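This one's a predicted model, so the numbers in the text were calculated from it and none came from an experiment.
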Amino acid sequence: QVEVAESGGGSVQAGESLRLSCLVSGKTWTVGGMAWYRRASGKERELVARITRGGVPREYADSVKGRFKISRDNDKNRVDLQMDNLRPEDSAVYYCYAPASSLDHWGQGTQVPLPP
């Protein structure tokens, strides 16, 4: 069993920064590559960034390249998403994804609301 919990969301203004954290607990040794997704109001969930088990960033959404950075600390069972120069279109609920033992594990999400 793996549990996933996000934190760090909150209201910000365009141009500001925010750092999201994802903590994994339970059978953490079974967790592979991880990712951050987001779902904006009225839109489909989309991949924001993903990172390998070893901590190598593998993919960023075109819309966040150069502004967001994903990182991983396996000693702390944690994956962070540093978000800089936030834009109104980044407003969404952000979810951490942690696949483990052929099962998908998701957190409850953390909100990042920005004014339009």
- Enter the distance from Asp73:CG to Arg78:CZ here, rounded to the nearest 0.5 Å. 7.5 Å
- Note on the structure: Closest non-hydrogen contact found for Val12 with Ser17 is CG1-O, 4.2 Å
- Given side chains that start at C-beta, do those of Thr110 and Arg38 come closer than 4.5 Å, heavy atoms only? no
- Message: Set out, in order, the CA-CA distance, both residues' side-chain angles and the distance that settles side-chain contact (heavy atoms from CB on, under 4.5 Å) for Val4 and Cys22, then state yes or no.
- Response: CA-CA 7 Å; Val4 180; Cys22 172; 3.4 Å; yes
- Checking Thr28 side chain against Ser25 main chain: does a donor-acceptor pair fall under 3.5 Å? no
- Query: Is there a donor-acceptor pair under 3.5 Å between the side chain of Glu6 and the backbone N or O of Gln108?
  - Reply: yes
- Message: Between Arg87 and Asp90, does any NZ, NE, NH1 or NH2 come within less than 4.0 Å of an OD or OE carboxylate oxygen?
- Response: no
- Query: Is any NZ, NE, NH1 or NH2 atom of the basic residue among Asp84 and Lys69 found under 4.0 Å from an Asp or Glu carboxylate oxygen of the other?
  - Reply: no
- Item | Shortest non-hydrogen contact between Tyr60 and Ala49, atoms and distance | CD2-CB, 3.6 Å
- Note on the structure: The reported gap from CE in Met34 to CG in Leu81 (rounded to nearest 0.5 angstrom) is 11.5 Å
- OH-CZ distance between Tyr37 and Arg50, expressed to the nearest 0.5 angstrom: 8.0 Å
- Task: Please report the shortest heavy-atom distance between Pro88 and Ala14, naming the atom on each side.
- Result: CD-CB, 4.1 Å
- Query: Is it true that Arg72 and Asp80 make a salt bridge, defined as a side-chain N closer than 4.0 Å to a carboxylate O?
  - Reply: no
- Task: Following the transitive rule for hydrophobic clusters with a side-chain heavy-atom cut-off under 4.5 Å over Ile, Leu, Val, Met, Phe, Trp and Tyr, establish whether Leu86 and Val48 coincide in one cluster.
- Result: yes
- Task: Give the ring-plane orientation class for Trp106 versus Tyr95, where under 30° counts as parallel, over 60° as perpendicular and anything between as tilted.
- Result: perpendicular
- Query: Looking at Leu47 and Ala35, what are the two nearest heavy atoms and their distance?
  - Reply: CD1-CB, 3.8 Å
- Within the distance-only criterion (no hydrogens, no angle test), does the side chain of Arg53 pair as donor or acceptor with the backbone N or O of Gly33 below 3.5 angstrom? no
- Task: Determine yes or no for a side-chain-to-main-chain donor-acceptor pair under 3.5 angstrom, with Asn74 supplying the side chain and Asn77 the backbone.
- Result: no
- Query: Counting only heavy atoms not in Glu16, do more than 12 fall under 6.0 Å of its CD?
  - Reply: yes
- So, for Ser91 and Pro113, which heavy atoms are closest and what is the spacing to 0.1 Å? OG-CA, 3.5 Å
- Message: Please verify the inter-ring angle class for Phe68 with Tyr94; under 30° counts as parallel, over 60° as perpendicular, anything in between as tilted.
- Response: tilted
- Message: Do the side chains of Arg39 and Glu46 get close enough for a salt bridge, i.e. N-O under 4.0 angstrom?
- Response: no
- Nearest 0.5 Å please: distance from the CD1 atom of Ile70 over to the CD1 atom of Ile51. 5.0 Å
- His105 side-chain N/O to Pro99 backbone N/O, donor-acceptor pair under 3.5 Å: no
- Message: I'd like to know if the side chain of Gln82 reaches the main chain of Arg19, judged simply by a donor and an acceptor atom lying under 3.5 Å from each other, with no hydrogens or angles considered.
- Response: no
- Task: Compare all side-chain heavy atoms of Val24 with those of Glu3 and state whether any distance is below 4.5 angstrom.
- Result: no
- Message: Any non-hydrogen side-chain atom of Ser63 less than 4.5 Å from a side-chain atom of Glu89?
- Response: no
- Co-membership, hydrophobic cluster, residues Val112 and Leu23, 4.5 Å side-chain: no
